[in-house]
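One structure is given below, encoded as structure tokens.
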2 protein chains.
Amino acid sequence: MEVGRTETGGGEGLLFLTDEQLRKGIEAMYFAYRAFTADPDRILETHEYGRAHHRAIHFINRQPGLTVNMLLIMLGVTKQSLNRVLRTLVEDGLVEARVGRRDKRERNLFLTEKGAALERELSDAQRARMRAAYRAAGPAAVTGFRQVLEAMMDPEIRRHYQAMKDGAA
Amino acid sequence: MEVGRTETGGGEGLLFLTDEQLRKGIEAMYFAYRAFTADPDRILETHEYGRAHHRAIHFINRQPGLTVNMLLIMLGVTKQSLNRVLRTLVEDGLVEARVGRRDKRERNLFLTEKGAALERELSDAQRARMRAAYRAAGPAAVTGFRQVLEAMMDPEIRRHYQAMKDGAA
DNA sequence: ATTTTATGTCAGCCTTGTTGACTTTCCAAG
DNA sequence: CTTGGAAAGTCAACAAGGCTGACATAAAAT
């Protein structure tokens with residue numbers, strides 16, 4: 001898994017990226033993502049929820065009090081689609097939607113204790129796999145992994161990603 | 001985006017992986033995957049196809065002549081689900097399903113010229129994004145990226161992944 | 001007072017996954 | 001040669017989770 005490189009006069013790294021190398025990267029992305037979602041999916045099944053619920057729970061946990069609109073932007077889905085998911089989470093007592101203090105049109109979203117418990121169960125599983133992969137690949141690989149993923153994101157999303165709590169740890 | 005590390009006596013790298021670092025990795029995976037699928041999705045729309053068609057086309061292009069059963073394993077879906085997709089591709093003349101020479105129960109799948117054209121259109125877009133991300137992140141990052149993704153895959157899938165044409169280029 | 005924004009909701013549609021049942025074809029072992 | 005099992009295809013029904021479009025309400029902003 002080596003990658004050719006040359007240095008231009010200016011010092012910019014130019015890569016020899018063959019189609020084959022890029023195709024392998026594409027496949028790696030696909031297969032890894034499948035594994036990445038497999039553990040939470042199994043857990044969600046036993047709770048009668050789906051991936052969409054997981055995503056909502058994840059971001060509400062990440063930024064407690066975020067508004068529906070912000071969540072919509074993070075998830076990149078329509079409000080109708082999100083609403084269906086959010087409604088069941090509120091009804092089931094995993095999420096609390098408080099009327100905004102400053103702007104009463106807004107709803108600030110929070111996980112209840114029950115919601116936080118499911119979040120923990122899900123993210124424990126997902127982090128375990130991520131941790132194992134990190135350990136297997138080593139620290140240098142982890143940095144590269146994150147760099148490539150960040151470079152791959154759409155710019156607006158990347159801004160949101162980088163703005164989220166923690167940033168570069 | 002630095003990552004702590006220590007060396008044990010044995011020389012195994014031990015990472016200081018905080019929950020925050022792992023969560024960022026999880027989010028990076030999610031956002032990057034979304035971007036990763038966005039370009040092909042746009043193209044597919046104009047052709048009246050979906051992501052499932054893309055996947056089938058991708059792997060048939062990768063291993064011309066592979067059987068339905070092998071494709072089933074690569075994709076990890078049921079034959080009913082795959083069949084629906086495959087049928088439209090054959091009907092539309094993008095894929096040819098030839099009866100196996102040795103075992104006439106098997107169907108060997110091939111892209112027609114029309115199918116290969118769509119494959120090129122899709123993978124050109126996907127490779128362009130991958131190439132840009134690789135360029136931005138640099139050669140060392142690319143190696144790390146692939147290492148982490150491989151470590152994240154389920155072992156059986158990883159075997160198939162590694163066995164596929166090219167391997168480590 | 002009017003317009004705009006944030007949210008919620010109803011109805012209907014599509015893709016893509018699932019399970020279960022059943023058929024046809026054909027290889028291979030008894 | 002017969003029979004068991006594997007590969008493939010198909011039908012039906014269902015669910016999750018996307019989408020669009022239309023519409024309602026409350027509150028902020030103009």
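Heavy-atom basis, side chains included; hydrogens, waters and symmetry copies ignored. Below, read A as the first sequence line, B as the second, and so on, with proteins coming before strands; counting in each chain starts at 1.
Leu82(B) has its CG atom 9 Å from the P atom of dG9(D), to the nearest Å. Distance Lys79(A) NZ to dT25(D) P: 14 Å, rounded to the nearest Å. Counting to the nearest Å, the C1' atom of dG9(D) and the NZ atom of Lys104(B) are 19 Å from each other. Following rounding to the nearest Å, Arg102(A) (CZ) and dA26(D) (P) show an atom-to-atom distance of 22 Å. When the C1' atom of dA16(D) is taken as reference, atom CZ of Arg42(A) falls 18 Å away, rounded to whole Å. Between the NE2 atom of His54(A) and the C1' atom of dG17(D) there is a distance of 16 Å, given to the nearest Å. Between Leu86(A) atom CG and dG17(D) atom C1' the separation is 14 Å, expressed in whole Å. Rounded to a whole Å, the CG atom of Asn83(B) is 9 Å from the P atom of dC11(D).
Remark: side-chain polar atoms of Asp103(A) are paired, donor with acceptor, to backbone N or O of Arg105(A) under 3.5 angstrom. Using a distance-only test at 3.5 Å, with no hydrogens or angles considered, a donor-acceptor pair links the side chain of His53(A) to the main chain of Gly50(A). With hydrogens and angles ignored, the 3.5 Å screen pairs no side-chain donor or acceptor of Arg51(A) with any backbone N or O of Asp41(A).
Note on ring orientation: taking the six-membered ring where Trp is involved, the planes of His54(B) and His58(B) are perpendicular (angle over 60°, cut-offs 30° and 60°). The aromatic rings of Tyr33(A) and Tyr33(B) lie parallel to each other, with less than 30° between the two planes, well short of the 60° mark. The aromatic rings of Tyr30(B) and Phe59(A) sit tilted, their planes meeting at an angle between 30° and 60°.
The side chain of Arg84(B) contributes no N or O atom lying less than 4.0 Å from OP1 or OP2 of dA12(D). Within the 4.0 Å cut-off from OP1 or OP2 of dG9(D), at least one side-chain nitrogen or oxygen of Arg107(B) is found. Between His53(A) and dG17(D), a side-chain N or O to OP1/OP2 separation shorter than 4.0 Å is present.
For DNA chain C, the contact window with chain B, defined by any atom under 4.0 Å from a protein heavy atom, covers dT16(C) to dC27(C) in 5' to 3' order.
Within the helix from dA1(C)-dT30(D) to dG30(C)-dC1(D), the inter-axis angle between the opening and closing five-pair segments is 20°, rounded to 10°.
Between the base of dA6(D) and the side chain of Arg105(B) there is a donor-acceptor pair shorter than 3.5 Å. Judged by distance alone, with hydrogens and angles left aside, Gln80(B) brings no side-chain donor or acceptor close enough to the base of dG9(D) to form a pair under 3.5 Å.
Contact check on Arg62(A) versus Glu20(B) returns a salt bridge, with a Lys/Arg side-chain nitrogen under 4.0 Å from an Asp/Glu carboxylate oxygen. Checked for salt-bridge contact, Arg127(A) and Asp39(A) miss the test: no charged N lies under 4.0 Å from a carboxylate O. Ion pairing of Glu119(A) with Arg23(B) is present here, as a side-chain N (NZ or NE/NH1/NH2) and a carboxylate O approach within less than 4.0 Å.
Other residues, nucleotides and ligands place more than 12 heavy atoms under 6.0 Å from the CD atom of Glu91(A).
Projected onto DNA chain D by closest heavy-atom contact, Tyr49(A) and Asp103(A) fall at different nucleotides, the more 5' of which corresponds to Tyr49(A). Along DNA chain D, the nucleotide nearest to Asn69(B) and the one nearest to Arg87(B) differ in position, and the one closer to the 5' end is contacted by Asn69(B).
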